Every structure is written in structure tokens, then in C-alpha cells.
Amino acid sequence: MRNIDVNEAIDRSPFGRFQWMVVALCGVLLIVDGYDVFVAGTVLPTLIAEWGLTKPQAGALQAWALFGMMFGALVLGSLADRIGRKKGVAISFVLFTSATVLTGFANSPEQFKIFRFIAGLGCGGLMPNAVALMNEYAPRRLRGTMVAIMFSGYSVGGMVAAGLGIGIIPELGWKPMFFVAAVPLLLFPLVLWKLPESLGFLIREGRQEEARRIFAKVAPDTPLAEDDRLVFSEKKGASASVAELFRHGRSLPTLMLWASFFCCLLLVYLLSSWLPKVLQEAGYAERASLLSLFALNFGGMAGAVAGGWLGDRLGLPKVVIGYFAAAALSIALIGMNPAPAVLFLLVFIAGATTIGTQILLYASVAQLYNLSVRSTGLGWASGVGRIGAIVGPTIGGVLLARELPLGQNFLIFAIPAAIAAMAMLVYALSNPGSGNAAASAAPEDDSLVVKA
């Protein structure tokens, strides 16, 4: 009889067809998630005109979905550690797609806020659960890359929102942009049928037969005898409470990651909410301003994939520090009113180093915590980040209402990126094992050797 640790076996196995299916399914879910998040930025200029909103009112309108995301990340991220990640994903997805469709029926700012809050609950819960599931099925040597590839679906969703907005909003108005969410809702049963449950959760619940069937697909090079048992062992951190995130020398790294999440999501939602409106006021046509949102998300996708690849080789903290420094510079330069070609290049870089960095931060959190608290760690980091996401559109509306010079606004917008770069530098110094690719590829503390 052998006890076979699933984490170690997956780390030794090649990345096969089953794992690519997990990447694709989670990527599709995040395309829909990204669409839901970024669709609000595409319709914001139209809502301001139709409902006569001031810029602070418009910023507050955007914040309701982000309040929902914060609570969704905190509640549904932790809940999945208890009920399973597949159920957590299902609840989150149905919640935000249904509420997004209903948003298209809103006839007042009050109705819009309610539906966006409910949609935000689902969006906030989906993200940490999808990252945790992908992190579990990817070999440690490829986790940064695979999580980044999967998470690039989030940026693809933003690109879809911008692309549809260019064609739909000028002709049909803003409401059809939300009705589009009915399409993925109809396709979701197929996705749910193919999406696997967390192996760690199945083992913890004593569901060995289900775990063995999945394990045979994930690690076909590790054949199982009839009396073999799949196990995972955790030397520390068996509790899924938030207090566990601050034990075993993780207090300072946890706080620095939270600070980085706060600043990063502040930037992501500040830019995605206000960039089209700011460019319209700077003299760009409506289609051109929406194209900037496309460039922002295209940059996010490219930055995530490149960052994941670099992170697996250089260590995620080094890459994230460099990304935040580049974000501060590119955002500051956008305010210098450059030529259109240079402007879109800067927006592309800003997207790569804000949206792309958000994805790398999720990968960093997943690597910091062991299995039993991974969803909790991801949920709380995301929840703290959502506070920044709420602050971003709100403070953007207040600043733009003051009608400061364009360059001064973007210099202020660049400050959170500089703060995040310093926070990640402290994180790297306080958690030296994360700062090199070799350490990132080493087995986790909670791994258990295959025993005869």
C-alpha cells in the first residue's frame, strides 16, 4: 500500500491535455468575468449623458459593483474551502451573469446600482476560486505561466466589451451591452460538466474514487494500485481562518501583498472606468476613446502572459516590481498629451503593467499559502484589493470634477503604482524564498513524498 501525494505527483508529471482543458475552461469563465467588469467603463459616458450624472456621481455608480466584488471575494473565496471550488465557481458565475442581464433593464441609477452590486458579488467570488483551481492542477514549475495564460481571459473579456461597445453603443445604446451576458449563461452547463473539482477538496472529504478518476487524467505516469491512497499532507496551516494568513512568518509578506493589491486594483478600475471619458474630453471621438480601452486590455493580456513566463524564470517579485515601476512611468506620460500613436502605446504599456500585474499578484498569493488556506488567502487579498477598486473610480470622479490639468491628473494617478513597487520590494526582502525561479520551482512546505 502506498500513500501518494497528489501535489508531488503533479509536479513531476508533464502538463497534459487534461490540464490544458482546465486552463481553457477557467479562461472562458474569466472572459465572461472580464466582460462584466469592463462593460461598465464602455457605457459610462453614455450613462452620464442620459441620466445627467456628475463625475463624482458616476464614480460612485461604478463603485457599487466593486463593493459587491469585495464582499464576494471575502465570502465566496472562503466558502469554497468548505464546499468545494467547483460549487464556488458555479455560484459565482450564475450570480454575476444573471445580474448583468438584469442590469440591461435598469431605468434609473438606483436600479443600476442594485444589479451591479449583485453582479459584483459573483465576479468577486469567481476570480480567487478559478486561480486556486488552476494553481492546484498546474505543476509548480509552470504555475506562474499557466495562471497567467488562464487569467489573460480576463483581459480578453475587456477587449470584447470594448469591441462590442464600438459597434453597439453608437447605434443601439448601452442596454444591449448587458443583454449579451445571456449567451454565456446558456453555455454554462457545458462548462460546469467538464470543470473538475479540486483534488485536495475531494481527498479531504474522503471521496477517493472521484479523486482517483481525476488523478489518472492529471498524472497518467503515476499508475495507481487498487489499495493505493491519494493524500495531501500539511505540516502547518490546517485552519482556513484569516488568522492563519499571518502565522509562520507570513505577516509582513501578507500585508505587503495586500498593499500591492490595493494599489493595483485602484489603478485597474480607475483606468478602465475613466479612460474613455477622459480621452473624449481631450478631443478624441467616441470610437477612438473606446479603442483605448481595447488597447488597455490587449496590453493586460500580453503583460500577463509575458509576466508569467518571466516569473517562472526570474521569480515573480522581481517581475512585479519592474511592472509597477513601468506602470508609474507610462501613466505619468499619458498625461503629457502625446501624439495618438504614442498615446495608444502608453495605454498598452499601462494595461500590461496594471491588469497584467494584477494577474501576477494572484499567482504570488497562490504561491505564498499552502492548500488549506489558499482560497482564503486569495479571497482576502482580492477583497482588500477591491477596496482599492472602489477608491479608484470614486477618487477619479472627484479629481476630474476639479478640472485639474490633464498632466497633473495622470501624475496623481501614477502615485499608487510607485507605492506598490515599494511594497513589493519589501515583500521580496521579507520573503527571500520567493525571489528566484529555483525557489519557486521547489516543492511546497505541505508536500508529502510518495511512500511505499
Side-chain angles (χ1 to χ4, degrees), residues 29-30 32-41 59-103 106 109-133 154 157 178 181 240-245 254-255 257-270 272-273 358 361-362 365-366 369 373-395:
L29 294 173
L30 287 178
V32 184
D33 188 25
Y35 180 88
D36 182 88
V37 169
F38 286 97
V39 69
L61 192 69
Q62 298 288 70
W64 277 86
L66 303 174
F67 272 117
M69 289 181 193
M70 179 180 67
F71 289 113
L74 294 175
V75 175
L76 294 177
S78 299
L79 180 65
D81 284 323
R82 295 171 172 83
I83 67 171
R85 288 181 186 135
K86 187 171 181 176
K87 289 181 181 177
V89 166
I91 293 170
S92 300
F93 187 88
V94 172
L95 199 60
F96 79 74
T97 48
S98 301
T100 299
V101 173
L102 291 173
T103 304
E110 289 70 28
Q111 294 176 357
F112 189 92
K113 291 174 185 176
I114 292 170
F115 292 135
R116 291 301 291 160
F117 177 82
I118 297 171
L121 288 173
C123 285
L126 178 69
M127 200 173 292
N129 283 308
V131 173
L133 195 63
Y154 180 76
F178 292 94
S241 68
V242 66
E244 190 66 29
L245 305 179
T254 292
L255 291 174
L257 282 175
W258 284 9
S260 299
F261 257 92
F262 177 90
C263 293
C264 186
L265 268 71
L266 184 155
L267 290 168
V268 168
Y269 290 95
L270 172 66
S272 64
S273 296
Q358 176 191 4
L361 285 174
Y362 274 105
V365 173
Y369 302 113
V373 294
R374 189 166 291 145
S375 281
T376 300
L378 287 163
W380 274 87
S382 181
V384 171
R386 295 301 169 187
I387 300 173
I390 294 165
V391 171
T394 305
I395 198 171

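Keep in mind it's a predicted model, so treat the numbers as computed, not measured.
Here the CD1-CH2 distance, from Ile118 to Trp64, works out to 11.0 Å after rounding to the nearest 0.5 Å. In this structure, the separation between CD on Gln358 and CG on Leu265 is 4.5 Å, given to the nearest 0.5 Å. Atom CG of Leu361 is separated from atom CZ of Phe261 by 5.0 Å, given to the nearest 0.5 angstrom. Taken from CG in Leu257 to CH2 in Trp380, the straight-line distance is 15.5 Å, to the nearest 0.5 Å. The CG atom of Leu29 lies 7.0 Å from the CZ atom of Phe96; values are rounded to the nearest 0.5 Å. Atom SG in Cys123 sits 11.0 Å away from atom CG in Leu76 (nearest 0.5 Å).
Within the structure, the salt bridge (Lys or Arg N to Asp or Glu O under 4.0 Å) test picks out the following pairs touching residues 116-125 (sequence neighbours left out): Asp36-Arg116.
Contact record, Ile390 with Ala63: CG2-CB, 4.0 Å, taken as the closest heavy-atom pair. For the pair Val365 and Ala381, the tightest heavy-atom approach, listed with the atom from each and the gap, is CG2-CB, 3.9 Å. Closest non-hydrogen pair, Ser92 versus Gly125, comes out as OG-C, 3.3 Å. Closest heavy-atom contact between Ser98 and Val94: OG-O, 2.8 Å. Nearest heavy atom pair, residue Ser273 against residue Pro393, reads OG-CG, 3.6 Å. The nearest pair of heavy atoms linking Ala130 to Val89 is N-CG2, 4.4 Å.
A donor atom on one side chain and an acceptor atom on the other are not found under 3.5 Å apart for Thr100 and Tyr35.
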* Give the intermediate values and the outcome of side chain to side chain contact (heavy atoms under 4.5 Å, CB included) for residues Phe115 and Phe178. => CA-CA 11 Å; Phe115 292 135; Phe178 292 94; over 6 Å; no
* To do: With side chain to side chain contact (heavy atoms under 4.5 Å, CB included) as the test, would you mind laying out the steps for Leu121 and Met69 before giving the verdict?
  => CA-CA 5 Å; Leu121 288 173; Met69 289 181 193; over 6 Å; no
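In this structure, the side chain of Thr254 engages the main chain of Leu245 through a donor-acceptor pair within 3.5 Å.
Annotation: Phe117, atom CZ; neighbour count of heavy atoms from other residues, nucleotides and ligands within 6.0 Å is above 12. Applying the 6.0 Å contact sphere to CD1 of Ile395 captures no more than 12 heavy atoms from other residues, nucleotides or ligands. Within a 6.0 Å sphere centred on NZ of Lys86, other residues, nucleotides and ligands contribute more than 12 heavy atoms.
For the pair Ile83/Ile91, a side-chain contact is recorded, criterion being any heavy-atom separation below 4.5 Å from C-beta on. Between Phe93 and Asp33, every side-chain heavy-atom pair lies at or beyond the 4.5 Å cut-off.
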